[in-house]
Colleague: 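I have a structure here, written as structure tokens, and I will follow up with some questions on it.
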Amino acid sequence: TQLLEQSPQFLSIQEGENLTVYCNSSSVFSSLQWYRQEPGEGPVLLVTVVTGGEVKKLKRLTFQFGDARKDSSLHITAAQPGDTGLYLCAGRYGQNFVFGPGTRLSVLP
Amino acid sequence: DTGVSQDPRHKITKRGQNVTFRCDPISEHNRLYWYRQTLGQGPEFLTYFQNEAQLEKSRLLSDRFSAERPKGSFSTLEIQRTEQGDSAMYLCASSPRTGGYEQYFGPGTRLTVT
């Protein structure tokens, strides 16, 4: 059974601070996706990482896929209140996905 | 807007009633997924279609749940004899036939069973 863990579960920071959230598994995934979800809405895809060791940047967000394709991290530089939300990672195995429980981020102005 | 749409957005039903939800994927996407999400958790996989074929169904899905995608376009998810434990957000996502299996989610249907 593929399982994904995310840490921390909750994170509250001040605007302008940097942060990193983590997604870990004992399973190897074909690829891994990060999503952001706001209350009452569906998740919105941020990035897909495929190759072990891959790093992708999306403005102030930096995503890294572990060398063994079992873990990933999301780093946000100079967080803004608009970054507030639930950050979910999802690992692909075959044609299906398993999601982590998410990190709930709150950025205070 | 040509994103994924779901109907209804909210549904309140009494225990024991049947409910049906609809999902309209992005038109050129051949893959369609149903997930269930409860408070404080990530989405939990329910079932997956490629075109009209249902290729995988979660072992967690009881016989009260059934999904169809008759013409490979929209999909329906039916829950029979609803229970209070079925209360959750039901999410639909579609994915294009090429690329990295990027999923595009609809806004979800929030089900409350009283």
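Computed over heavy atoms, backbone and side chain alike; hydrogens, waters and symmetry mates excluded.
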Colleague: Roughly how far, to the nearest 0.5 Å, is the CG atom of A:L45 from the CD atom of B:E102?
Modeller: 6.0 Å
Colleague: State plainly whether one hydrophobic cluster holds both A:L58 and A:V21, where clusters connect Ile, Leu, Val, Met, Phe, Trp and Tyr through side-chain heavy atoms under 4.5 angstrom apart.
Modeller: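 Yes, same cluster.
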Colleague: Looking at every heavy atom in both B:L91 and A:P43, which two are closest together, and how far apart are they?
Modeller: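 Residues B:L91 and A:P43, closest heavy atoms: CD1-CD, 4.0 Å.
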Colleague: Write down the atom of B:G42, the atom of A:L88, and the distance for their closest heavy-atom approach.
Modeller: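 Closest pair (atom of B:G42, atom of A:L88, distance): CA-CD2, 3.8 Å.
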Colleague: Hey, is CD on A:E5 packed in by over 12 heavy atoms from elsewhere, all under 6.0 Å?
Modeller: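 No, because the 6.0 Å sphere around CD of A:E5 holds 12 heavy atoms or fewer from other groups.
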Colleague: Checking B:Q50 against chain A: side chain, backbone, both or neither under 4.5 Å from a heavy atom?
Modeller: side chain
Colleague: Where does B:E56 contact chain A at under 4.5 Å (heavy atoms): side chain, backbone, both or neither?
Modeller: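 Answer is side chain: those atoms of B:E56 sit under 4.5 Å from chain A.
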Colleague: For the hydrophobic clusters of this structure (ILVMFWY residues joined by side-chain heavy atoms under 4.5 Å, transitively), does one cluster hold both A:L108 and A:L105?
Modeller: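 No, no single cluster joins them.
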Colleague: Hey, are the side chains of B:Y104 and A:V44 touching, using non-hydrogen atoms and a 4.5 Å cut-off?
Modeller: no
Colleague: Is B:I12 atom CD1 crowded by more than 12 heavy atoms from other residues, nucleotides or ligands, each under 6.0 Å away?
Modeller: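 Check fails, neighbour count at 12 or below.
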Colleague: Above 12 or not: heavy atoms from other molecules or residues under 6.0 Å from CD of A:Q9?
Modeller: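 No, not enclosed.
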Colleague: State whether the number of non-hydrogen atoms from other residues, nucleotides or ligands found under 6.0 Å of B:E68 atom CD is greater than 12.
Modeller: no
Colleague: Would you say the rings of B:Y35 and A:F99 are close, in the sense that their centroids are separated by under 6.0 Å?
Modeller: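 That pair passes the under 6.0 Å test.
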Colleague: Would you sort out whether A:N96 and B:Y33 count as a side chain to side chain contact (heavy atoms under 4.5 Å, CB included), showing the intermediate values?
Modeller: CA-CA 9 Å; A:N96 295 331; B:Y33 300 82; 3.9 Å; yes
Colleague: Quick check: is A:Y22 connected to A:L46 through a chain of hydrophobic side chains (ILVMFWY, heavy atoms under 4.5 Å apart)?
Modeller: no
Colleague: Flag yes if more than 12 heavy atoms outside B:K57 fall under 6.0 Å of its NZ atom; otherwise flag no.
Modeller: yes
Colleague: Can you say whether A:Q37 sits under 4.5 Å from chain B via the side chain, the backbone, both, or neither, judging by heavy atoms?
Modeller: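 Contact with chain B involves the side chain of A:Q37 alone.
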Colleague: Could you pull out the closest heavy-atom pair between A:E41 and B:R9, with the gap in Å?
Modeller: OE2-NH2, 3.7 Å
Colleague: B:Q37 versus A:L86: any side-chain heavy-atom pair under 4.5 Å?
Modeller: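 A side-chain contact exists here, since the closest heavy-atom pair is under 4.5 Å.
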Colleague: For the side chain of B:Q103 and the backbone of A:F97, is there at least one donor-acceptor N/O pair under 3.5 Å apart?
Modeller: no
